[in-house]
Amino acid sequence: MNAQARSLSRRLLLSRSAAVVGASSAGLLLPQIVRAQGSRIKVGFMLPYTGTFAQLGVAIENGVRMAIAEKGGKLGGREIEWVKVDDESEPSKGVENASKLVQRDKVDVLIGTVHSGVQMGIQKVARDSGVLNIIPNAGVHASTRALCAPNVFRTSFTNSQPTLALGKPMVDKGLKKAVWITWKYAAGDEAFEGFKDSYTKAGGTIVKELGLPFPNVEFQALLTEIAALKPDAVACFFAGAGAAKFMKDYAAAGLQGKIPLYGSGFLTEGVIEATGPAAEGVITTMHYADSLELPRNKQFRTAYAKEFKMQPDVYAVQGYDSGQLLVQGLAAVGGDIGNKAALYKAMESASIDSPRGKWTMSKAHNPVQDIYLRVVEKGDNKVIGVAAKALADSGAGCKLG
Ligand code: PHB
C-alpha cells in the first residue's frame, strides 16, 4: 500500500469509528453490542451485613454465588463484577443506598433486600431507573401488588403467604384463642393480615395483638401480659437474632410447654442452634424446611455445607433461587441485559428447581409455592405436613401480565 492509499484507509477507518461513536452516543448501536459481547455484568448486593438480620444477608449472598458458580460462574456468558452495600436494615437509608448502587456503581442487577421497609426504598429506585431488581427476601406486599413492576422479581414470599397457612392447623388442634405478637413494621403487620384471615376463617379468635418496635428485643413486659391472658396459643412473626432471643425469653418466662408457640417459619430459621432447648416444640409454617425429603434439597445442603462450612436455611435457599433465576434469564438473552422484553419474559416463565420444591412466578412476579407445616424436634425443623399447596399471593392492584 502506497502512502496515499494508507492515508485513505486511515481516514476511512476514522470516519467509520466516528460513525459508530455517533451511533453509540445516540444510544443506537454500541452499548448493546459491547455489553452483550464480553464486557462484565455488574451485580450489586444490597443486604444487611450488620444488625439483627446480618446472618440473613450473608446466607442470601452465599446462595446467589453458589447457584451461579454451579453454572460456570458467568451470566449469559459474561464474567461478573460484584459490588456490595450494607443496608443495615435501615429504612431511612433505603433510597440513598439503592441509588449508590444504581447511579454511582451502575449495576446491571440489584439483588436486595431482607427488610420490608428498606425494600420500599429499593422499589422506588428500581421503578424510577428501570434497573433489574431481584428481591431475595423482603415480603412487603406492595412490591408485588400495587407497586409491582416489570423489572422487579421476588424469589421469596409475601409477608402474608406463610401465615395464611398458619391459622387452620392451630384451630384443628383445638387452639381457639390466640395472642398475636410481633415487631411493629410492615413485615409483622402484613404477617398478621395472613394470620388473622386464616385463623378467624377457621373459627379462632384473636384475643390480643401485641407489638414492639423493630428491632427491639425487650420482651419481658409483653410476656408477662401473655401469661396473664392465658390464651390457648401464641402466634408471632420474628426473625434472625431477635427471634432466638424471643424463644429464649418465652421459655425463661415459663411459657414453653404451657402455651404452645406458633409462628411464620422465620422464627426458627437459622437460629435453632443458637436458641437451644427453648426452640423445641415450636410449630411454624414456611415454604422450606431443612429436612425436606427431596433429592434437590439434599444435594443443595451437602454442597452448601461443604462450601461455606455452615448449614443453609430458607434465606440461603432464596438467594440460591435468585441466582438460578438470573442464570436462566440471562442465558435466554445471551447475556444481553438490554434486551428487556425477552429477559423479563424468560424470567416470568422460569420454572425454578429449588431445594424447597419446584415453583413458578405469579403474574405479579412472586413465587407460587407449597407451604410446609414444621415442628422443632431435637434441634431440627421436622416437616409434619403440607399446610398449603401451590399458594399464590393475591397480587391485588398489580396490572402485570
Ligand atoms: C421483612 O422485613 O420483610 C422480613 C424480614 C425478615 C424475615 C422475613 C421478612 O425473616
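Just follow the structure's listing: the first ligand is 1, and inside any ligand the first atom is 1.
The atoms of ligand 1 that sit less than 4.0 Å from any heavy atom of Ala239 are 6 (C), 7 (C), 10 (O). Near Asn159, the atoms of ligand 1 lying under 4.0 angstrom from a non-hydrogen atom of the residue are 3 (O), 9 (C). Heavy-atom contacts of Ala138 reach the following atoms of ligand 1: 3 (O) (cutoff under 4.0 Å).
Scanning all protein heavy atoms for the shortest distance to atom 3 (O) of ligand 1 gives Ser116 OG, 2.6 Å. Residue, atom and distance of the protein heavy atom nearest to atom 1 (C) of ligand 1 are Val114 O, 3.2 Å. In this structure, the protein non-hydrogen atom closest to atom 2 (O) of ligand 1 is Tyr185 OH, 2.5 Å.
Below 3.5 Å of separation, one finds an N or O of Tyr315 facing an N or O of ligand 1. Note: an N/O pair closer than 3.5 Å links Gly139 and ligand 1 by distance alone. Among the atoms of Asn137, none of the N or O lies under 3.5 angstrom from an N or O of ligand 1.
Remark: aromatic rings of Tyr344 and His365 are distant, center separation not under 6.0 Å. Aromatic pair Phe214/Phe53: centroids less than 6.0 angstrom apart. Ring centroids of Tyr288 and Phe266 are separated by 6.0 Å or more, keeping the two rings apart.
Residue Trp183 does not touch ligand 1, judged by heavy-atom distances below 4.0 Å.
For Asp105 and Lys42, the salt-bridge test fails: no basic side-chain N is under 4.0 Å from an acidic carboxylate O.
Applying the ring pair (Phe, Tyr, Trp, His ring centres under 6.0 Å) test to residues at least two apart or on different chains, the pairs with a partner in residues 60-110 are Phe45-Trp82. Residue pairs satisfying the disulfide (SG to SG under 2.5 Å) criterion with at least one member in residues 369-401, sequence neighbours excluded, are listed as follows: Cys148-Cys398.
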Test side chain to side chain contact (heavy atoms under 4.5 Å, CB included) applied to Thr268 and Arg374, step by step | CA-CA 10 Å; Thr268 56; Arg374 311 120 31 110; 3.0 Å; yes
